[in-house]
Protein chains: 2
Amino acid sequence: MPRPRSALLSVELIVESALAQVDRTGNFSFPRIAAELGVSQSSLYNRIESREHIIELLRARIFADRRVMQDDDESWEQTVRRLIRSYHDCFAQHPNLVPLLMSQTVRAEAVLQMYEDLAAALERSGLPQQDLMSAISLIDYFALGSALESTAPDEVWDVSTEHHPTLRRALQEAGPTGERVNRAFDFGVDALLAGIAMRTKHRIY
Amino acid sequence: MPRPRSALLSVELIVESALAQVDRTGNFSFPRIAAELGVSQSSLYNRIESREHIIELLRARIFADRRVMQDDDESWEQTVRRLIRSYHDCFAQHPNLVPLLMSQTVRAEAVLQMYEDLAAALERSGLPQQDLMSAISLIDYFALGSALESTAPDEVWDVSTEHHPTLRRALQEAGPTGERVNRAFDFGVDALLAGIAMRTKHRIY
DNA sequence: ACCTGAACACCGTTCAAGT
DNA sequence: ACCTGAACACCGTTCAAGT
């Protein structure tokens with residue numbers, strides 16, 4: 001088959017196809033991308049290097065949508081809240097993607113920039129230098145975990161048996177999944193900020 | 001081949017083989033289990049139902065090692081700390097397993113029992129009923145995330161570029177990976193408990 | 001009841017060959 | 001430079017056939 005005068009393929013097309021598949025089915029594959037774009041599987045390798053490469057492009061893709069409304073005289077606490085929220089929202093729009101992103105080194109520039117902003121805000125808070133990374137990790141765990149919770153398995157815990165009365169009650173009290181995840185998010189942000197602020201020079205609580 | 005008088009296979013053998021593979025390589029597969037046990041791949045299905053089933057057996061397996069030294073008159077805070085620690089330790093001994101466990105509903109009884117204990121301790125703390133599940137989720141995110149961090153990619157963030165001075169400084173200040181993860185864990189536990197205690201009837205801070 | 005071999009429907013990646 | 005088809009080395013699962 002001759003080379004067409006305008007390329008059949010582009011990284012954008014590949015990434016969009018992969019993202020659509022993930023949103024729809026929870027995963028993507030080379031055969032399905034190729035089929036959807038009407039090209040051969042092997043031709044994908046002219047644009048991308050590997051499956052991992054696509055995943056990293058997907059990470060950059062969902063963070064590209066992020067609106068950054070920066071307020072110059074917001075407190076470090078407001079900044080941290082804003083960053084956690086926008087980080088969380090990026091994942092929340094593509095929950096199926098979260099598991100794919102979690103086990104892979106972050107290289108996407110937009111994401112690194114967000115961590116840089118987070119580090120700067122925490123430094124402003126007066127947190128001791130040696131706790132900076134700990135606080136970032138804590139926030140990271142939280143954001144990823146809370147995004148993961150809104151993902152695939154509707155029942156994270158199978159409490160069908162009778163042996164867990166307190167857990168069962170707690171789950172019922174928490175309402176339907178969507179509501180529960182949202183409330184857990186708000187609760188978590190407050191708790192994290194309170195916990196971090198405690199280590200700060202100028203305590204706010 | 002005739003049926004041997006003593007069975008060649010058992011779920012224990014399958015689970016141990018899978019766990020050893022995960023610890024060694026980060027994953028397991030049916031062909032490799034079969035090869036290691038000297039049986040055919042299809043014979044595995046006489047003992048287990050699916051790949052997911054094996055993963056759930058692995059979850060139960062690593063929690064079976066858990067020692068539960070219960071102190072009857074410990075405070076709710078001590079109980080929560082003890083549970084987070086032991087939960088974390090189970091993962092820490094098999095970090096490669098964490099990614100496999102994260103995207104799957106929890107059915108292992110030992111794990112559900114731990115969540116039940118956690119729920120009970122938090123209820124004792126005086127936390128409002130509707131916040132119980134939020135607190136459990138928060139702790140869960142933290143324990144999983146912190147276990148995940150000790151897993152595969154040595155560099156979670158690729159800060160090879162010059163554009164992230166604060167992040168870079170924070171990372172250097174935090175020391176080598178193992179130390180950083182440990183400090184982040186201790187910092188996180190303290191922060192979480194402080195944050196949760198804030199919502200409690202009898203504030204402790 | 002327990003094991004086998006063959007078959008099926010999937011994967012990601014490489015590479016010589018075309019234009 | 002860009003695309004193809006074939007090949008390779010993997011997957012999980014099913015099923016008829018053996019004893």
Side-chain angles (χ1 to χ4, degrees), chain A residues 1-22 24-59 96-97 99-105 107 152-153, chain B residues 1-22 24-59 96-97 99-105 107 152-153:
Chain A
M1 193 178 179
R3 169 159 65 110
R5 52 168 64 93
S6 71
L8 296 175
L9 230 45
S10 72
V11 292
E12 286 76 28
L13 280 172
I14 295 174
V15 168
E16 291 307 315
S17 170
L19 185 57
Q21 278 177 43
V22 169
R24 211 177 333 116
T25 72
N27 213 338
F28 72 90
S29 83
F30 282 74
R32 291 206 305 258
I33 294 176
E36 190 178 314
L37 300 181
V39 299
S40 78
Q41 197 178 155
S42 51
S43 68
L44 299 177
Y45 286 88
N46 287 309
R47 310 289 176 166
I48 52 90
E49 286 172 4
S50 63
R51 184 179 163 86
E52 283 199 1
H53 186 196
I54 295 185
I55 292 178
E56 206 49 30
L57 291 171
L58 286 172
R59 196 199 304 271
N96 286 341
L97 189 55
L100 300 181
L101 296 180
M102 288 196 75
S103 306
Q104 203 166 291
T105 301
R107 292 200 169 77
Chain B
M1 195 177 176
R3 171 157 64 110
R5 53 167 61 93
S6 71
L8 295 175
L9 230 44
S10 70
V11 292
E12 286 76 28
L13 280 173
I14 295 175
V15 168
E16 290 307 315
S17 170
L19 184 57
Q21 277 176 44
V22 169
R24 212 178 331 116
T25 72
N27 213 336
F28 72 89
S29 83
F30 282 75
R32 291 207 304 260
I33 295 176
E36 190 177 312
L37 300 182
V39 298
S40 79
Q41 198 180 152
S42 52
S43 68
L44 299 176
Y45 285 87
N46 288 308
R47 310 289 175 167
I48 51 92
E49 285 172 4
S50 63
R51 184 180 164 84
E52 284 199 2
H53 185 195
I54 295 185
I55 292 177
E56 206 48 31
L57 291 171
L58 286 171
R59 195 198 303 271
N96 285 341
L97 189 55
L100 299 182
L101 297 180
M102 288 197 76
S103 307
Q104 202 164 294
T105 302
R107 292 200 169 76

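Computed over heavy atoms, backbone and side chain alike; hydrogens, waters and symmetry mates excluded. Each chain gets a letter, A, B and so on, in the order the sequences are listed, and its residues count up from 1.
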Legend entry - Side chain A:S50 and base C:dG12 donor-acceptor under 3.5 Å: no

Inset, instruction - Considering non-hydrogen atoms only, spot the tightest contact between B:S43 and B:L9 and give its length. - result: O-CD2, 3.6 Å

Inset, instruction - Determine: side-chain N/O of B:R32 to OP1/OP2 of D:dC10, distance under 4.0 Å, yes or no. - result: no

Inset, instruction - Nearest whole angstrom, please: distance from the C1' of C:dT13 to the CD1 of A:I48. - result: 10 Å

Legend entry - Candidate nucleotides D:dT13, D:dT4, C:dC3, ranked by approach to the side chain of A:V39 - the nearest: D:dT4

Legend entry - Side-chain N or O of A:R47 closer than 4.0 Å to phosphate OP1/OP2 of D:dC3: yes

Inset, instruction - Measure from the side chain of B:Q41, starting at C-beta and using heavy atoms only, and say which of D:dC3, C:dT4, D:dT13 lies closest. - result: D:dT13

Legend entry - Watson-Crick or G-U counterpart of D:dT13, or none if no pair lies under 3.5 Å: C:dA7

Legend entry - side chain to side chain contact (heavy atoms under 4.5 Å, CB included) partner of A:H53, the single match among A:I14, A:I48, A:V11: A:I48

Legend entry - Nearest-angstrom distance from the residue atom CD1 of A:I33 to P of C:dG12: 8 Å

Inset, instruction - Look at the side chain of A:S29 and the base of C:dG12, then say whether one donor and one acceptor between them are separated by less than 3.5 Å. - result: no

Legend entry - Under 3.5 Å: donor-acceptor pair, side chain of A:Q104, backbone of A:I55: no

Inset, instruction - Return no unless some side-chain N or O of B:S43 is found under 4.0 Å from OP1 or OP2 of C:dC3. - result: no

Legend entry - Rounded interatomic separation in angstrom, taking CD1 from A:I14 and C1' from D:dC2: 12 Å

Inset, instruction - Report the residue (A:Y45 or B:N46) whose heavy-atom-nearest nucleotide on DNA chain C is the more 5′ of the two. - result: B:N46

Inset, instruction - Answer yes or no: is there a donor N or O on one side and an acceptor on the other, between the side chain of B:R51 and the main chain of B:F28, under 3.5 Å? - result: yes

Legend entry - Nearest-neighbour nucleotide for the A:F30 side chain, C:dT14, D:dT13, C:dT13 considered: C:dT13

Inset, instruction - To the nearest Å, give me how far apart CG (A:L37) and C1' (D:dT4) are. - result: 16 Å

Legend entry - Value in whole Å for how far the C1' atom of D:dG12 lies from NE2 of B:H53: 16 Å

Inset, instruction - Measure from CD on A:E52 to P on C:dG12 and round the result to the nearest Å. - result: 12 Å

Inset, instruction - Write down the distance between CG (B:N27) and P (D:dC10), rounded to a whole number of angstrom. - result: 14 Å

Inset, instruction - Identify the nucleotide, in any strand shown, that forms a Watson-Crick or G-U wobble pair with D:dG18, with both distances under 3.5 Å; if there is none, say none. - result: C:dC2

Inset, instruction - Indicate yes or no for a side-chain donor-acceptor contact from B:R47 to the backbone of B:L13 under 3.5 Å, with no hydrogens or angles considered. - result: no

Inset, instruction - Can you tell me the distance, in whole Å, between the CZ atom of A:F28 and the C1' atom of C:dC10? - result: 15 Å

